[in-house]
Amino acid sequence: MLILVTALLLFITASALTVLRFTRPEFRFTWLIALGVTFMAWISVLLWRPQLPLTLGLFTWKPTSLFAASPALSVDALSWPYAVSLVTLAVAILLTASVREDFPNTLSWAVSLALCGLGLLAISAANPLTLVLAWAALDLIEIAVMLSTVNERGASERAVIAFSIHAAGILLVLLADVISSAAGVTLDFASPPPQAGLLLLAAAGLRLGVLPLHLPYHSESSLRRGVGTTLRLVSAAASLALLARIPTTSLASPFTIFLLILAAIAALYSGWMWMRAPDELTGRPFWLISLASLAIASALRGDPAGATAWGTALILAGSVLFLAAVQQAWLNRALLIGAWALSSLPFSLTASGWQNNAGGLDFTLPAFILAQAFIIAGFVRHALRPSARPSLASQPAWAKIIYPVGIGFLLFMQLLLGLWGWDGAFQVGAWPAGLAASLLTLGLLWAIPRVPALNPVPAHWLRPSAISRLDQLYQNLWALYGWLRRLTQTITNILEGEGGIMWTLLFLLLFVSLIVKRVA
């Protein structure tokens, strides 16, 4: 029941904010009430930990002959870090909103809290039916927000393409369910059958933009730090949580090496682009793909705890950068805790990132360590670089206190999850890999101001049309779909127009003449 309590607190708060926006827009305590209830949701998710694993059946779908499984929720030690990260993100969004120009923006807060609530349901899904319902709800909110905040036709088409790619991920999960049912096995995430493993991994990789590498979004809406950050991080968490549920035995396939090489290419490319991005928001899509690639690599190497470590770091370390709306010297230095969380050094959040290797695939590890160094170097550069963000000193007195609390809250959770709460906490890990990544990072930080090739690229080089040839392929497929749609509409207009009867008679005569010739 605790699972529902946390999600309901977020949904109720989002609903209340929406109602107050239209009925009492002048109400002065909206932000305070939202923050209080969201903090209660954070306390409630901490109460999950002593009772793990948690399982909750929601209701039974009938007929049972059609629905082998009904919606249910389940949380274990590897999905709990995602839950606490999402609720921490919800609290931090409200705290850091105190310095944004659009404060107060109750509708933006409502969307962010609703997304975090749906993200909780997605990472707690006990079976494919629950997961695809949560994914579909997230995708519908995402496309509604994106289409409502863009004006260009190209941006709208990219939003629809992204929605289609996410829908393809849902279809892969349903295909895994069908294959399992055909084998006489009911697919659930507690003990998924071996034949479903690669399909589940492909579904997560497709939605994350890793398998294959694609980046449908870059020019995002004006809601970049609040709702934009929530959309990207919650959607990523909902897919990443699936990686920890895939059994290692189901990934023992000839395709595993091929998928691992693809993940290494995605990690290197996106890590390189993240390091050279002109600012953290422009490079945010590359941040998501690079860390998601490391999570997929850990899953392919038989390390679900490592996949969880990278996924949690993606949310917590990324949210620190993306929610930083003002700058202050000491706060900028405090952000470097995120670099520690990404380092894989002992007792850090990602200490278990390279710990296990059940698949025996060590030959790809140097590529991933180099990609990790790109990610950390880019994080340090974005955290310490001078920016056009306003100074914290120019904010109201109360915001000077509240905003650092929000940033510190995210940093504190990175340290806490490195030491307590789940299977990957308080681990020495593969410290040689962490040390190698740290030394490479120091070398990159020394070389960045001295080597022109490592300097940030202009923002126009990061447009979606210049990201990869795969994105051009998706644009061509979309153009083909548009051409087929127009052709179908033209044929329909011809058949349904004034000459429709004549065309019908003509086709009938042709059909009859063919039959007569066959008989003769």
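Every heavy atom of this structure was used, including side-chain atoms; hydrogens, water molecules and symmetry mates were not. From a predicted model like this one, the values you see are computed outputs, not experimental measurements.
- Residues that satisfy the ring-ring contact (aromatic ring centres under 6.0 Å, His included) test with Phe374, not counting sequence neighbours, are Trp272.
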**OP:** With side chain to side chain contact (heavy atoms under 4.5 Å, CB included) as the test, would you mind laying out the steps for Leu288 and Leu208 before giving the verdict?
**Re:** CA-CA 8 Å; Leu288 298 175; Leu208 290 166; over 6 Å; no

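- Scanning for side-chain hydrogen bond (donor to acceptor under 3.5 Å, both in side chains) contacts around Trp42 gives Thr88, with sequence neighbours left out.
- Separating the CG atom in Leu268 from the CD atom in Gln372 is a distance of 12.0 Å, to the nearest 0.5 Å.
- Remark: side-chain polar atoms of Ser290 are not paired, donor with acceptor, to backbone N or O of Gly271 under 3.5 angstrom.
- Using a 4.5 Å cut-off on side-chain heavy atoms (C-beta onward), Leu35 and Val91 make contact.
- At a cut-off of 3.5 Å, with distance as the only test, a side-chain donor of Ser44 or Thr6 sits close to an acceptor on the other residue.
- Although no hydrogens or angles enter the test, the distance criterion places no donor-acceptor pair under 3.5 Å between the side chain of Ser239 and the main chain of Ala204.
- Here side-chain hydrogen bond (donor to acceptor under 3.5 Å, both in side chains) pairs that include residues 396-408, with residues two or more places apart or in two chains, number zero.
- Of all heavy-atom pairs between Leu259 and Leu211, the closest is O-CD2, 3.9 Å.
- Residue Leu9 holds its CG atom at 11.5 Å from CD1 of Ile43, rounded to the nearest 0.5 Å.
- The side-chain hydrogen bond (donor to acceptor under 3.5 Å, both in side chains) pairs that include a residue from residues 425-441 are Gln355-Gln427, where partners are two or more places apart or lie in different chains.
- In this structure, Leu384 and Leu336 have side chains that are in contact, with non-hydrogen atoms separated by less than 4.5 Å.
- What you find for Ala134 and Leu121 is that their closest heavy atoms are CB-C, 4.3 Å.
- Within the 4.5 Å cutoff, the side chain of Ile448 has heavy atoms near those of the Met275 side chain.
- By the 4.5 Å heavy-atom criterion applied to side chains, Met146 and Ile143 are not counted as neighbours.
- Electrostatic pairing of Glu280 and Arg381 does not count as a salt bridge here, judged by no charged N lying under 4.0 Å from a carboxylate O.
- Residues Thr350 and Leu342 share a closest heavy-atom pair of OG1-C, 3.4 Å.
- When all heavy atoms of Gly169 and Ala203 are compared, the closest pair comes out as O-CB, 3.4 Å.
- Side-chain atoms of Ser298 come within 3.5 Å of backbone N or O of Gly353 as a donor-acceptor pair.
- One N or O on the side chain of Trp80 and one on the backbone of Val45 form a donor-acceptor pair closer than 3.5 Å.
- Annotation: the span from Thr230 atom OG1 to Arg232 atom CZ amounts to 10.5 Å, rounded to 0.5 Å.
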**OP:** Could you go through the side chain to side chain contact (heavy atoms under 4.5 Å, CB included) check for Arg100 and Asn105 one step at a time?
**Re:** CA-CA 9 Å; Arg100 295 196 197 108; Asn105 190 339; over 6 Å; no

Subject >> Criterion ring pair (Phe, Tyr, Trp, His ring centres under 6.0 Å) on Trp109 and Phe103, from CA distance to verdict >> reply: CA-CA 10 Å; Trp109 303 339; Phe103 183 88; 5.6 Å; yes

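- Contact detail for Gly311 and Leu240: the closest heavy-atom pair is CA-CD1, 3.7 Å.
- Classified by interplanar angle (parallel below 30°, tilted 30° to 60°, perpendicular above 60°), the ring pair Phe322/Trp274 is perpendicular.
- Atoms CD1 and CG, from Ile141 and Leu118 in turn, are 4.5 Å apart once rounded to the nearest 0.5 Å.
- Expressed to the nearest 0.5 Å, how far CG of Leu231 lies from OG of Ser112 amounts to 7.5 Å.
- A donor-acceptor contact shorter than 3.5 Å links the side chain of Trp287 to the backbone of Leu314.
- The shortest distance between side-chain heavy atoms of Val84 and Leu416 does not fall below 4.5 Å.
- For the pair Thr106 and Thr18, the minimum side-chain heavy-atom distance is 4.5 Å or more.
- For Asp76, the side-chain hydrogen bond (donor to acceptor under 3.5 Å, both in side chains) criterion is met by Ser79, not counting sequence neighbours.
- The environment of CZ in Arg450 is crowded: more than 12 heavy-atom neighbours from other residues, nucleotides or ligands sit within 6.0 Å.
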**OP:** Please lay out, stage by stage, how Trp422 and Trp48 fare under the test ring pair (Phe, Tyr, Trp, His ring centres under 6.0 Å).
**Re:** CA-CA 12 Å; Trp422 63 292; Trp48 295 10; over 10 Å; no

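- Exactly one of Val326, Ile402, Ile401 qualifies for a side-chain contact (heavy atoms from CB on, under 4.5 Å) with Gln395. That residue is Val326.
- A 4.5 Å side-chain heavy-atom check between Val320 and Ile337 finds every atom pair outside the cut-off.
- When all heavy atoms are compared, the tightest approach of Gly119 to Leu86 is C-CD1, 3.6 Å.
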**OP:** Before giving the answer on side chain to side chain contact (heavy atoms under 4.5 Å, CB included), spell out for Arg207 and Leu242 the whole-Å C-alpha distance, their side-chain angles and the decisive distance to 0.1 Å.
**Re:** CA-CA 11 Å; Arg207 290 178 62 90; Leu242 181 60; over 6 Å; no

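- The backbone N or O of Leu316 lies less than 3.5 Å from a partner atom in the side chain of Ser319, making a donor-acceptor pair.
- Residues that satisfy the side-chain hydrogen bond (donor to acceptor under 3.5 Å, both in side chains) test with Ser74, not counting sequence neighbours, are absent from this structure.
- Interatomic distance, Leu206 CG to Leu201 CG, rounded to the nearest 0.5 Å: 11.0 Å.
- Under the 6.0 Å distance and 45° angle rule, Arg333 counts as a cation-pi partner of Trp330.
- Between Gln328 and Pro404 the shortest side-chain heavy-atom distance does not fall below 4.5 Å.
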**OP:** Evaluate the side-chain hydrogen bond (donor to acceptor under 3.5 Å, both in side chains) criterion for residues Thr364 and Arg301: first the C-alpha distance (whole Å), next the side-chain angles of each, then the deciding distance (0.1 Å), finally the verdict.
**Re:** CA-CA 10 Å; Thr364 58; Arg301 298 173 76 248; 5.1 Å; no

**OP:** Take Leu417 and Ser85 through the side chain to side chain contact (heavy atoms under 4.5 Å, CB included) test and state the conclusion after the steps.
**Re:** CA-CA 9 Å; Leu417 289 178; Ser85 299; 4.0 Å; yes

